[in-house]
Visitor: 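Below is a structure I'd like to ask you about.
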Protein chains: 2
Amino acid sequence: MSVYTPAETARRSGFSLDTLRYYEKIGLLADIERTSGGQRVFTDDDLGWLGVLRCLRDTGMPIAQMATYAELCRAGADSEPERLALLRQHAVRVEEQMQLLGRQYAHLEEKIRYYAERTGARSG
Amino acid sequence: MSVYTPAETARRSGFSLDTLRYYEKIGLLADIERTSGGQRVFTDDDLGWLGVLRCLRDTGMPIAQMATYAELCRAGADSEPERLALLRQHAVRVEEQMQLLGRQYAHLEEKIRYYAERTGARSG
DNA sequence: TTAGGAACTGGAGTGCACTCCAGGTCAAGG
DNA sequence: CCTTGACCTGGAGTGCACTCCAGTTCCTAA
């Protein structure tokens with residue numbers, strides 16, 4: 001298997017059909033093949049690229065920046081240093097995000113322990 | 001010091017003045033004192049509660065659920081088991097979120113290493 | 001060949017969480 | 001007093017990322 005229907009692609013990528021169309025419209029997805037009748041045909045390469053988009057999206061990159069990255073990827077090998085810079089910048093933000101999340105999770109745990117003791121004490 | 005102006009509260013909590021007003025309007029913030037002239041006066045308790053809200057928001061809890069939690073807190077000690085359940089549920093989602101973030105961060109790092117090697121190889 | 005589900009398009013609508021605005025009021029320094 | 005910057009209200013507007021819709025076309029299995 002190496003080509004997929006829109007529905008199958010949605011299932012595999014985790015993006016809805018509407019989102020796939022939207023991503024194509026705004027340039028995150030380019031050169032998607034079509035049948036003679038005009039229906040989209042996705043390849044393994046497309047799925048790979050969707051995996052990249054999912055990674056960026058899951059780590060909180062704004063769509064606009066993903067579009068920038070997509071364009072750099074289309075621009076050829078000369079843009080690789082720029083792509084690297086963009087990803088490195090993003091990675092820094094993700095690290096900060098992970099640290100914040102970890103800190104706040106610790107607070108949450110603390111609160112849970114507090115309530116668990118109180119309710120445990122009363123009910124037991 | 002134990003009371004704060006709206007501006008000082010915004011600074012300390014990290015929420016904008018508009019957000020503080022919005023939170024009060026939708027019930028996340030209740031019983032904020034006022035001067036005779038109608039201006040808000042925040043206390044250390046309020047700041048503490050804002051810290052809780054910040055924790056929940058930073059960990060991705062939707063506003064609607066924060067409002068539920070706020071109401072439970074106002075409902076008295078009987079609601080503690082419910083509060084505990086709500087926080088535990090949320091903590092599970094946060095754990096999942098942290099795991100996803102960690103996995104995707106690993107992919108991102110991989111991509112960065114790939115580009116770093118390529119651009120390093122060409123430029124060095 | 002025909003039925004019916006999948007997919008197409010352009011564009012409007014949604015949900016969330018704020019954010020901004022107009023037109024006033026309040027309060028502290030000079 | 002008077003100015004002036006902080007604050008007030010209700011309500012409209014914004015930005016993001018989809019999501020839904022109407023009306024039409026495609027394509028596969030019976």
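First the proteins, then the strands, lettered A, B, ... as listed; each starts at 1. Everything numeric in this text was worked out from a predicted model, so none of it was measured.
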Visitor: By nearest atom, which of the nucleotides D:dA17, D:dC27, C:dC18 is closest to the A:Thr35 side chain?
Guide: D:dC27
Visitor: Take atom CE of A:Met66 and atom C1' of D:dC16, then tell me their distance rounded to the nearest Å.
Guide: 11 Å
Visitor: Using heavy-atom distances to pick each residue's nearest nucleotide on DNA chain D, tell me which of A:Gln39 and A:Ile63 is more 5'.
Guide: A:Ile63
Visitor: On the nucleotide D:dA17, are OP1 or OP2 found under 4.0 Å from the side-chain N or O atoms that A:Tyr23 carries?
Guide: no
Visitor: Checking side-chain contact (heavy atoms from CB on, under 4.5 Å) between A:Glu96 and each of A:Val92, A:Val94, A:Leu100, which is the one that passes?
Guide: A:Val92
Visitor: Could I get the full list of side chain to side chain contact (heavy atoms under 4.5 Å, CB included) partners for B:Gln65, not counting sequence neighbours?
Guide: B:Met61, B:Pro62, B:Leu86, B:Gln89, B:Arg93
Visitor: Whole angstroms only, please: what is the CE-P distance between A:Met61 and D:dC16?
Guide: 15 Å
Visitor: Return the 5'-most residue of the pair A:Phe15, A:Gly38 with respect to DNA chain D, ranking by each residue's nearest nucleotide.
Guide: A:Phe15
Visitor: Checking side chain to side chain donor-acceptor pair (under 3.5 Å) between A:Thr59 and each of A:His90, A:Gln97, A:Arg54, which is the one that passes?
Guide: A:His90
Visitor: Mind calculating the distance between CD1 (A:Ile26) and P (D:dG15) to the nearest angstrom?
Guide: 16 Å
Visitor: Fit a plane to each ring of B:Trp49 and B:Tyr69, take the angle between them on a 0 to 90° scale, and name the class: parallel (under 30°), tilted (30 to 60°) or perpendicular (over 60°).
Guide: parallel
Visitor: Any sub-3.5 Å donor-acceptor pair from A:Ser79's side-chain atoms to A:Glu82's backbone N or O?
Guide: no
Visitor: Can you check the B:Arg40 CZ to C:dT25 P distance for me, whole Å?
Guide: 17 Å
Visitor: It should be established whether A:Arg57 places a side-chain nitrogen or oxygen under 4.0 Å from OP1 or OP2 of nucleotide D:dA17.
Guide: no
Visitor: Please confirm whether the shortest side-chain N or O distance from A:Arg34 to OP1 or OP2 of C:dT9 is below 4.0 Å.
Guide: yes
Visitor: Just by distance, with hydrogens left out, do A:His107 and A:Glu110 show a side-chain donor and acceptor under 3.5 Å apart?
Guide: no
Visitor: Each nucleotide N or O in nucleotides 19-22 of chain D that has a protein N or O under 3.5 Å away: list the pair and distance.
Guide:
| residue | atom | partner | partner atom | Å |
| --- | --- | --- | --- | --- |
| D:dC20 | N4 | A:Asp18 | OD1 | 3.4 |

Visitor: Return the minimal non-hydrogen interatomic distance between B:Cys55 and A:Leu108, and the atom names on each side.
Guide: SG-N, 4.1 Å
Visitor: If you assign each of B:Ser36 and A:Val41 to its closest nucleotide in DNA chain C, which residue comes earlier from the 5' end?
Guide: A:Val41
Visitor: Between C:dC18 atom C1' and B:Arg54 atom CZ, what is the distance in whole Å?
Guide: 13 Å
Visitor: Mind calculating the distance between CG (B:Leu17) and P (C:dA17) to the nearest angstrom?
Guide: 20 Å
Visitor: Grab the CD-C1' distance between B:Gln65 and C:dG15 for me, whole Å please.
Guide: 16 Å
Visitor: Output the rounded distance in Å from CD (B:Glu24) to C1' (D:dC8).
Guide: 11 Å
